[in-house]
Amino acid sequence: TQLLEQSPQFLSIQEGENLTVYCNSSSVFSSLQWYRQEPGEGPVLLVTVVTGGEVKKLKRLTFQFGDARKDSSLHITAAQPGDTGLYLCAGVNAGKSTFGDGTTLTVKP
Amino acid sequence: SAVISQKPSRDICQRGTSLTIQCQVDSQVTMMFWYRQQPGQSLTLIATANQGSEATYESGFVIDKFPISRPNLTFSTLTVSNMSPEDSSIYLCSVGTGGGSNYGYTFGSGTRLTVV
C-alpha cells in the first residue's frame with residue numbers, strides 16, 4: 001500500500017501570512033496532484049506535477065515535486081480567507097491514485 | 001474538464017435499508033471511480049466502474065455491499081446496501097480528465113449519507 005502523509009493536518013493563520021503544506025511518501029509516483037475541497041463540494045484539481053524537481057505556480061500558490069518524485073510541497077503566499085479549505089495531495093501510479101490525509105487550512109481575516 | 005452531476009446531495013437513512021447514488025457525466029468516459037470520505041479526511045477508493053464489464057473493487061469493499069452499475073459511458077450508480085451507522089460518510093464519484101501534465105480527476109459534489 002502506498003501511503004501519502006500530509007503535514008500539518010490543521011493550520012490556522014491570519015490573512016497575509018505565508019504557509020507551506022507538505023506531502024511525503026516512501027513511494028515513487030509518476031505524477032502528483034493537489035486538490036482543494038470546500039465543505040459540501042468535491043475536491044477541485046489545482047495542479048498536476050509530473051517531472052522530478054518541477055515547480056508550478058498558480059497565482060499565489062507554488063507547487064514543487066521532489067527530485068525523486070516521492071514528495072511535494074504547496075506554498076501559499078499572502079494567504080486570503082478564500083484560500084480556506086481542505087487541501088489534498090494525490091500520488092498517481094499505474095492509473096491509480098492514493099490520496100494524502102489532507103490539510104485543513106483556515107485563514108482568518 | 002468534465003462536469004458531473006451527483007445525486008442525492010445528502011440523505012438520512014434507516015439502518016438495514018439501501019441507498020442508490022447516481023452520477024451523470026456530460027461527456028463519455030471510459031472509467032468512473034467511486035470514493036468514500038469522512039468529513040475533513042482523505043478519500044478511499046471503493047471501486048472503478050468500467051462500461052461493459054464488472055466493476056473492480058478495492059481491498060475491503062465487496063460487490064454485495066456496494067453494487068455498481070455502469071450502463072453507458074456517461075452514467076453510473078453506486079448502491080450502499082443493508083446500511084449500518086458505520087456506512088455514514090461522504091460518497092463521491094469521479095472521472096479522469098486531461099492527459100500528461102494536465103491529468104487529474106473531476107469529482108461530483110458528493111453525497112453525504114447519515115445512517116440512523
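Just so it is clear, the model here is predicted, and its values are computed rather than measured. Per chain, numbering begins at 1; letters A, B, ... match sequence-line order.
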* **Which atoms of B:Gln38 approach chain A - backbone, side chain, both or neither, heavy atom under 4.5 Å** => neither
* Kindly check if the number of other-residue, nucleotide or ligand heavy atoms within 6.0 Å of CD (B:Glu58) is above 12? => yes
* Does any non-hydrogen side-chain atom of A:Ser30 lie less than 4.5 Å from one of B:Tyr103? -> no
* Say whether, by atom type as modelled, one donor and one acceptor occur between the side chain of B:Ser42 and the main chain of A:Gly102 under 3.5 angstrom. => no
* Asked: Using non-hydrogen atoms only, which part of A:Gln37 is less than 4.5 Å away from chain B: side chain, backbone, both, or neither?
  -> side chain
* Contact origin within A:Thr104 toward chain B - heavy atom pairs under 4.5 Å -> side chain
* Would B:Trp34 end up clustered with B:Val115 when hydrophobic side chains under 4.5 Å apart are linked, directly or stepwise? -> yes
* To do: Identify the two heavy atoms, one from B:Leu43 and one from A:Leu88, that lie closest to each other, and give their separation to 0.1 Å.
  => CD1-CD1, 3.6 Å
* Mind checking whether B:Met32 and B:Leu19 sit in one hydrophobic cluster, side chains of I, L, V, M, F, W, Y counted as touching below 4.5 Å? -> no
* Return the option, out of A:Pro39, A:Ser31, A:Pro43, with the maximum number of heavy-atom pairs under 4.5 Å with chain B. => A:Pro43
* Asked: Do B:Tyr91 and B:Ile63 belong together in a cluster built from hydrophobic side chains that touch within less than 4.5 Å?
  -> yes
* Over 12 non-hydrogen atoms of neighbours within 6.0 angstrom of CZ in A:Arg60 -> yes
* Asked: Same cluster for A:Val21 and A:Leu32 if Ile/Leu/Val/Met/Phe/Trp/Tyr side chains link at under 4.5 Å?
  -> yes
* Distance-only, no hydrogens or angles: does the A:Tyr35 side chain make a donor-acceptor pair with backbone N or O of B:Tyr105 under 3.5 Å? -> yes
* Structure fact -> Okay, A:Gln33 and chain B: the region with an atom under 4.5 Å from a heavy atom over there is side chain
* Find out if a path of hydrophobic residues (ILVMFWY) with successive side-chain heavy-atom gaps under 4.5 Å connects A:Val107 to A:Leu86. => no
* Asked: Measuring heavy-atom distances to chain A, does B:Gln6 have an atom under 4.5 Å in its side chain, in its backbone, in both, or in neither?
  -> neither
* **Interface moiety of B:Leu92 toward chain A, non-hydrogen atoms closer than 4.5 Å** => side chain
* Report the option among B:Gly40, B:Gly110, B:Gly98, B:Ser94 that has the most heavy-atom pairs separated by less than 4.5 Å from atoms of chain A. => B:Gly40
* To do: Using a cut-off of 6.0 Å, state whether more than 12 heavy atoms not belonging to A:Gln9 lie near its atom CD.
  => no
* To do: Return yes when atom CD1 of B:Ile12 has more than 12 non-hydrogen atoms of other residues, nucleotides or ligands closer than 6.0 Å, and no otherwise.
  => no
* To do: Under 4.5 Å heavy-atom distance to chain B, tell me which part of A:Ser97 shows up: side chain, backbone, both or neither.
  => both
